[in-house]
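In this text the structure is predicted, and so the values were computed from the model without any measurement.
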Amino acid sequence: QLQVAESGGGLVQPGDSLRLSCVASGRTFSSYPMGWFRQSPGKEREFVAAIATTGLYFHYVDSVKDRFTISRDNAKNTMYLQMNNLKPEDTAVYYCTTVTTVNSEQARYDYWGQGTQVTVSE
């Protein structure tokens, strides 16, 4: 299965932006639809966004639509999550992984990297 490493998190104020990166190892990255998930303290991990293998189809959870943009560069084995107009409720550890399909909101495997912490606070 794909090994991934997330980065780009940080401490920001409401309204700020961040771009997360997910670098995957292996030559099969372009074969998988990919997704971002997040987990806040005391809450279950939730789906955020997913992107098709081609990068042409996307799916977002309603709470991030029009604020977050998912993209991928298959030549670089990298996926991104551009997060604009961040809100305190976006505070979480963000994870990337393969998904079963773009619209499934389900991880293909129960395998997670270290994640990257995003904290939105005044």
Side-chain angles (χ1 to χ4, degrees):
Q1 54 199 13
L2 219 56
Q3 304 282 334
V4 296
E6 305 92 342
S7 64
L11 172 61
V12 297
Q13 294 185 332
D16 285 351
S17 299
L18 280 175
R19 188 174 83 154
L20 306 184
S21 297
C22 168
V23 179
S25 62
R27 294 177 292 176
T28 58
F29 173 77
S30 61
S31 301
Y32 292 105
M34 296 291 296
W36 288 97
F37 292 74
R38 64 187 180 186
Q39 187 169 23
S40 304
K43 295 185 178 181
E44 291 188 357
R45 187 177 285 122
E46 65 170 351
F47 168 80
V48 176
I51 187 167
T53 56
T54 59
L56 298 178
Y57 299 99
F58 325 96
H59 175 60
Y60 297 93
V61 68
D62 285 346
S63 61
V64 307
K65 282 181 180 178
D66 300 323
R67 298 190 298 122
F68 290 11
T69 302
I70 190 171
S71 61
R72 67 190 296 163
D73 185 338
N74 287 338
K76 296 182 178 179
N77 275 15
T78 302
M79 178 177 66
Y80 305 97
L81 186 67
Q82 177 67 41
M83 305 186 296
N84 297 329
N85 190 24
L86 282 161
K87 302 177 179 181
E89 51 263 42
D90 295 318
T91 295
V93 178
Y94 284 70
Y95 302 88
C96 66
T97 190
T98 58
V99 294
T100 53
T101 67
V102 175
N103 294 317
S104 70
E105 303 188 0
Q106 298 290 326
R108 179 181 296 270
Y109 305 109
D110 187 19
Y111 173 79
W112 305 94
Q114 294 297 309
T116 186
Q117 175 71 49
V118 173
T119 303
V120 185
S121 178
E122 294 284 357

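With a 4.5 Å cut-off on side-chain heavy atoms, Ile70 and Met79 count as touching. At least one side-chain heavy atom of Arg38 sits under 4.5 Å from a side-chain heavy atom of Glu46. Annotation: side chain of Asp16 is not in contact with side chain of Val120 (no heavy-atom distance under 4.5 Å). Taking the side chain as every heavy atom from C-beta outward, Gln39 and Tyr95 approach each other to under 4.5 Å. Met83 is listed as a side-chain neighbour of Leu20, based on a closest heavy-atom distance under 4.5 Å.
With sequence neighbours excluded, the residues that form a side chain to side chain donor-acceptor pair (under 3.5 Å) with Thr119 are Gln117. Applying the salt bridge (charged side-chain N to carboxylate O under 4.0 Å, His left out) rule to Lys65 yields the partners Asp62; only residues at least two apart in sequence or on another chain are considered. Considering only residues two or more places apart in sequence or on other chains, Gln114 meets the side chain to side chain donor-acceptor pair (under 3.5 Å) condition with none of them. The salt bridge (charged side-chain N to carboxylate O under 4.0 Å, His left out) search around Arg19 returns none, not counting sequence neighbours.
When all heavy atoms are compared, the tightest approach of Val64 to Val48 is CG2-O, 3.8 Å. Closest approach of Ala50 and Val99 over heavy atoms only: CB-CG2, 4.3 Å. Ser30 and Thr53 get closest at one heavy-atom pair: O-CB, 3.3 Å. Counting all heavy atoms, side chain and backbone alike, Val102 lies closest to Pro33 at CG2-CB, 4.3 Å.
Residue pairs meeting the ring pair (Phe, Tyr, Trp, His ring centres under 6.0 Å) criterion with at least one member in residues 47-82, sequence neighbours excluded: Phe37-Phe47, Phe47-His59. Annotation: disulfide bond (SG atoms under 2.5 Å apart) contacts involving residues 66-122, sequence neighbours excluded, comprise Cys22-Cys96.
Counting only distance, with no hydrogens or angles, the side chain of Thr78 and the backbone of Val23 share no donor-acceptor pair below 3.5 Å. Looking only at distances, no side-chain donor or acceptor of Thr91 sits under 3.5 Å from a matching main-chain atom of Ser40. Between the side chain of Arg108 and the backbone N or O of Thr98, no donor-acceptor pair lies under 3.5 Å. Side chain of Arg72 to main chain of Ala52: a donor-acceptor pair is present (N/O by atom type, distance under 3.5 Å, no hydrogens or angles). Put simply, the side chain of Thr101 gets close to the backbone of Ser104: a donor and an acceptor are under 3.5 Å apart.
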>> Apply side-chain contact (heavy atoms from CB on, under 4.5 Å) to residues Trp112 and Thr97 and explain how you reach the verdict.
In response: CA-CA 7 Å; Trp112 305 94; Thr97 190; 3.5 Å; yes

> Going through the checks in order, is the side-chain contact (heavy atoms from CB on, under 4.5 Å) test met by Thr28 and Leu2?
Replying inline: CA-CA 8 Å; Thr28 58; Leu2 219 56; 3.7 Å; yes

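Annotation: the span from Asn74 atom CG to Met34 atom CE amounts to 10.0 Å, rounded to 0.5 Å. Distance check, rounded to the nearest 0.5 Å: CG of Asp66 to CG of Asn85 gives 10.5 Å.
Under a cut-off of 6.0 angstrom, the local environment of CD in Glu44 is sparse, with at most 12 non-hydrogen atoms contributed by other residues, nucleotides or ligands.
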